[in-house]
There are 2 protein chains.
Amino acid sequence: MATIGDVAKAAGVSRSTASYALSGKRSISPEVVRKVMAAVESLGYAPNAGARALATSQTMVIGLLVQFLQDEFAPAMLQYMLGVSDVARELGYDILMVTEPDGAKALKRITDQRMVDGVVLLNVADDDDRLPVLRAAQQPGALVGLPLDCTGLDVFDLDFAEAGRMMVDHLAGLGHREAVLVLQPEHVLQRGAGYVRRLRDAAVAEAALRGLALHIEYGEAQQPAVGAHLVDLLDRYPQATGLLLHNEAAAAALPSVLHARGLQAPRDLSVVGRYSDEFARTFSLPYSSIESAPDRLGRLAVRQLVRRIEGPALQEPYVARLLQPELVDRGSTAAPLA
Amino acid sequence: MATIGDVAKAAGVSRSTASYALSGKRSISPEVVRKVMAAVESLGYAPNAGARALATSQTMVIGLLVQFLQDEFAPAMLQYMLGVSDVARELGYDILMVTEPDGAKALKRITDQRMVDGVVLLNVADDDDRLPVLRAAQQPGALVGLPLDCTGLDVFDLDFAEAGRMMVDHLAGLGHREAVLVLQPEHVLQRGAGYVRRLRDAAVAEAALRGLALHIEYGEAQQPAVGAHLVDLLDRYPQATGLLLHNEAAAAALPSVLHARGLQAPRDLSVVGRYSDEFARTFSLPYSSIESAPDRLGRLAVRQLVRRIEGPALQEPYVARLLQPELVDRGSTAAPLA
DNA sequence: GCTATCGTTCGAACCGGTTCGACGATCTCA
DNA sequence: TGAGATCGTCGAACCGGTTCGAACGATAGC
């Protein structure tokens with residue numbers, strides 16, 4: 001591989017001149033610039049990333065910490081990742097993807113070794129063990145997912161509390177008096193996934209306010225238990241006229257469950273879900289839902305991260321941005337039969 | 001951040017001695033090793049990745065080139081990626097994930113700049129434009145997906161031809177005489193995705209051999225067209241007693257289509273698909289299918305890649321490994337009604 | 001007692017960039 | 001015409017590791 005020394009030699013100038021000709025950080029005569037460019041072209045020169053990182057202490061790489069938990073819905077994760085990757089490239093950064101189960105250790109490794117200029121953490125839990133490491137690191141970080149304590153960090157997430165209120169409001173507004181909310185499996189909550197709690201608590205509070213009897217159920221993670229649980233639900237709450245789903249697996253399984261029982265939405269049951277538009281599209285789900293664009297969260301996180309990387313001087317206050325959810329009406333809800 | 005110079009100073013030795021104490025590449029007295037280790041510990045020293053890469057010309061990073069094409073089934077992609085990421089970490093490598101649409105350009109960038117020690121290409125097409133770049137690069141690469149010409153490259157893929165034969169054999173063996181094969185949308189084929197062609201051609205040849213009338217159909221990519229197409233199919237081939245699916249979207253949509261028409265598998269129609277076990281599990285698909293573990297392909301590719309990275313001397317012949325598919329019987333096929 | 005050997009350590013060079021200070025040439029203006 | 005500013009370029013130092021060759025003292029061999 002050609003080095004900048006080779007380029008300089010071929011152009012008949014010193015290494016520093018070649019460097020300045022390429023970076024434009026000092027004025028160099030057009031003549032020399034032309035010769036350097038020609039040399040770069042003919043030698044196929046590309047700067048060595050390691051050497052440049054050493055000299056500038058900038059890697060132009062962003063770390064992306066993903067955690068694949070068995071009970072998370074994987075395709076949604078992919079959406080976040082693509083958003084992150086897209087924007088990073090637009091801004092000139094590459095992505096170092098880390099999927100190790102021990103995220104804290106991995107984060108320490110890539111920041112300590114200066115492999116990256118900053119990191120994006122996906123799947124942040126209430127009391128995420130990566131946060132102390134991130135705070136101690138000399139590098140900026142952006143979170144997707146709202147932890148309990150987010151001081152000193154930039155955080156992006158969907159406003160799950162608002163989503164919970166919206167679902168309840170929607171059904172209550174149509175006149176429903178009793179409904180079931182199917183959440184993620186209980187161990188997701190126990191693991192510290194705050195979004196489940198936030199949606200649940202807001203939904204419960206709103207239901208109390210609106211006079212809706214809301215039954216809380218924690219769904220199953222794996223088929224066929226998911227379907228069985230739904231069937232069981234329908235038996236246990238015969239009076240319920242509304243079904244709220246915050247559980248992708250349950251949403252995917254519901255059509256055939258209803259089919260099998262001869263039920264139709266919204267005729268026999270009003271159904272409203274909470275999942276990403278991508279998910280709804282892939283499965284062609286016929287249910288109204290509170291949607292979010294996970295890639296958008298990824299994009300926002302990277303934009304903010306790069307702002308911090310490139311303007312370390314600016315001690316902007318940290319942001320905690322909660323995106324407003326949106327209800328997409330697919331006609332699966334209606335006023336209950338008297 | 002502490003450098004090795006700081007460690008050396010703290011331990012009262014020279015930089016080179018500190019380096020050797022850590023790497024063990026020369027014998028160093030136990031006494032000194034202990035002091036160096038203590039210094040590392042107390043200073044929190046971690047070697048700078050850029051500096052090390054510069055000195056050793058090894059980055060300990062593997063490039064992962066992913067292409068997200070609209071009509072590919074994204075979750076499967078994730079499986080490949082996780083397999084790659086897992087094994088890479090086991091072997092001490094990190095992953096630089098690149099998702100740019102222009103894969104050839106991206107590949108050139110990361111290899112020319114020596115950001116990686118080698119690359120894994122996912123989604124390799126018949127005449128992939130990344131291959132010339134890879135062949136010209138000074139770095140080893142491994143492919144997941146079989147291109148037309150794979151000389152000089154290590155390739156891993158499922159044996160789609162065998163999968164096609166297995167599906168046909170299975171139905172023919174049960175006594176079916178007429179069946180429909182639903183493939184990926186036609187533009188997937190035109191884009192150069194060889195696996196569709198290989199499965200199709202092998203299925204057609206085997207059908208001819210076994211005396212099965214096989215109708216070839218190219219499915220739709222997006223809902224609700226997918227479902228409509230299936231409905232249309234059932235009308236157009238009333239004599240067909242078998243349905244072969246090589247199209248995830250169609251497989252996901254089929255249960256409700258059959259339901260709506262009051263058809264049951266295998267009573268009215270024998271169904272056999274071709275998709276990953278992960279996919280079958282997520283959607284709880286009740287169909288027998290030819291399964292593959294995409295993460296296994298990713299793992300194999302990385303293992304082979306690392307072998308080449310670390311033993312560049314060994315000019316082992318290049319491997320083209322096609323995994324044997326496996327038919328998982330879920331009872332959705334039976335002998336046709338006389 | 002002198003030399004050969006070995007184990008241990010050090011100094012210096014190198015990897016390939018970037019950047020600072022200096023220097024000569026040209027230009028400006030008094 | 002000479003002082004001072006400006007422009008373009010160069011040499012050298014530096015980033016933080018690794019590695020080669022040499023030097024050192026201690027031990028072994030004769």
Side-chain angles (χ1 to χ4, degrees), chain A residues 1-37 39-40 43-61 92 109-117 138-139, chain B residues 1-37 39-40 43-61 92 109-117 138-139:
Chain A
M1 285 303 294
T3 72
I4 201 168
D6 301 330
V7 169
K9 200 176 298 171
V13 298
S14 73
R15 291 203 304 152
S16 55
T17 301
S19 177
Y20 284 124
L22 290 174
S23 69
K25 291 188 181 172
R26 276 195 186 177
S27 75
I28 296 289
S29 69
E31 170 84 6
V32 167
V33 170
R34 208 180 36 68
K35 279 196 289 190
V36 169
M37 291 304 186
V40 164
L43 294 172
Y45 166 79
N48 179 300
R52 176 172 277 177
L54 180 56
T56 62
S57 41
Q58 279 217 6
T59 62
M60 300 309 284
V61 173
R109 181 166 52 82
I110 67 171
T111 53
D112 279 0
Q113 302 189 9
R114 300 264 111 118
M115 301 182 77
V116 297
D117 293 336
Q138 301 301 332
Q139 309 199 337
Chain B
M1 286 300 295
T3 70
I4 201 167
D6 301 330
V7 170
K9 200 176 299 172
V13 298
S14 72
R15 290 204 305 150
S16 55
T17 301
S19 176
Y20 284 124
L22 290 173
S23 69
K25 291 188 181 172
R26 276 196 186 176
S27 75
I28 296 287
S29 71
E31 169 84 6
V32 168
V33 170
R34 209 180 34 67
K35 279 196 288 189
V36 169
M37 292 303 187
V40 164
L43 294 173
Y45 166 77
N48 180 299
R52 177 172 275 178
L54 180 57
T56 62
S57 42
Q58 279 218 6
T59 62
M60 298 311 282
V61 173
R109 180 168 51 81
I110 66 171
T111 53
D112 279 0
Q113 301 190 12
R114 301 262 112 119
M115 302 183 75
V116 297
D117 293 337
Q138 301 300 331
Q139 309 197 338

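In what follows, every chain begins at residue 1, and chains take the letters A, B, ... in the order their sequences are listed.
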B:I4 CD1 to B:K9 NZ distance, which is reported to the nearest 0.5 Å: 13.0 Å
Any side-chain N or O of A:R15 less than 4.0 Å from the OP1 or OP2 oxygen of C:dG16? no
Quick one, which residues of residues 21-34 of chain B touch DNA chain D with a heavy atom under 4.0 Å? B:K25, B:R26
Which value, rounded to the nearest 0.5 Å, describes the distance between B:M60 atom CE and B:D117 atom CG? 7.0 Å
Given C:dT18, D:dG17, D:dC10, which nucleotide is nearest the side-chain atoms of B:R52? D:dG17
When you measure from the side-chain N and O atoms of A:S57 to the phosphate of D:dC15, is any distance below 4.0 Å, counting only OP1 and OP2? no
Looking at the base of D:dG11, is there any donor atom on it, or on the side chain of A:S14, that sits under 3.5 Å from an acceptor on the other one? no
Would you list the pairs meeting side chain to side chain donor-acceptor pair (under 3.5 Å) in which at least one residue belongs to residues 21-36 of chain B, sequence neighbours left out? none
So, does A:S19 get its side chain near the phosphate of C:dT18, meaning an N or O under 4.0 Å from OP1 or OP2? yes
With DNA chain D as reference, determine whether A:L54 or A:Y20 sits nearer its 5' end, using the nearest nucleotide of each. A:Y20
Just N and O in the side chain of A:Y45: are any of them under 4.0 Å from OP1 or OP2 of C:dG17? yes
Apply side-chain hydrogen bond (donor to acceptor under 3.5 Å, both in side chains) to the pair B:S19 and B:S16, showing each step before the final yes or no. CA-CA 5 Å; B:S19 176; B:S16 55; over 6 Å; no
The nucleotide from D:dC10, D:dT18, C:dT18 with an atom nearest the side chain of B:A55 is D:dT18
Heavy atoms from C-beta onward define the side chain here; which of D:dG11, C:dG16, D:dG17 lies closest to that of A:T3? C:dG16
For the side chain of B:S16, starting at C-beta, report the closest nucleotide among C:dC10, D:dT18, C:dT18. C:dC10
Please report the C-alpha distance between A:Q139 and A:R114 in whole Å, then the side-chain angles of each, then the deciding distance to 0.1 Å, and finally whether the side chain to side chain contact (heavy atoms under 4.5 Å, CB included) criterion is met. CA-CA 9 Å; A:Q139 309 199 337; A:R114 300 264 111 118; 3.3 Å; yes
CG of B:D112 to CE of A:M1: how many Å apart, nearest 0.5 Å? 5.0 Å
Axial bend angle, the helix from C:dG1-D:dC30 to C:dA30-D:dT1: five-pair end segments, nearest 10°: 50°
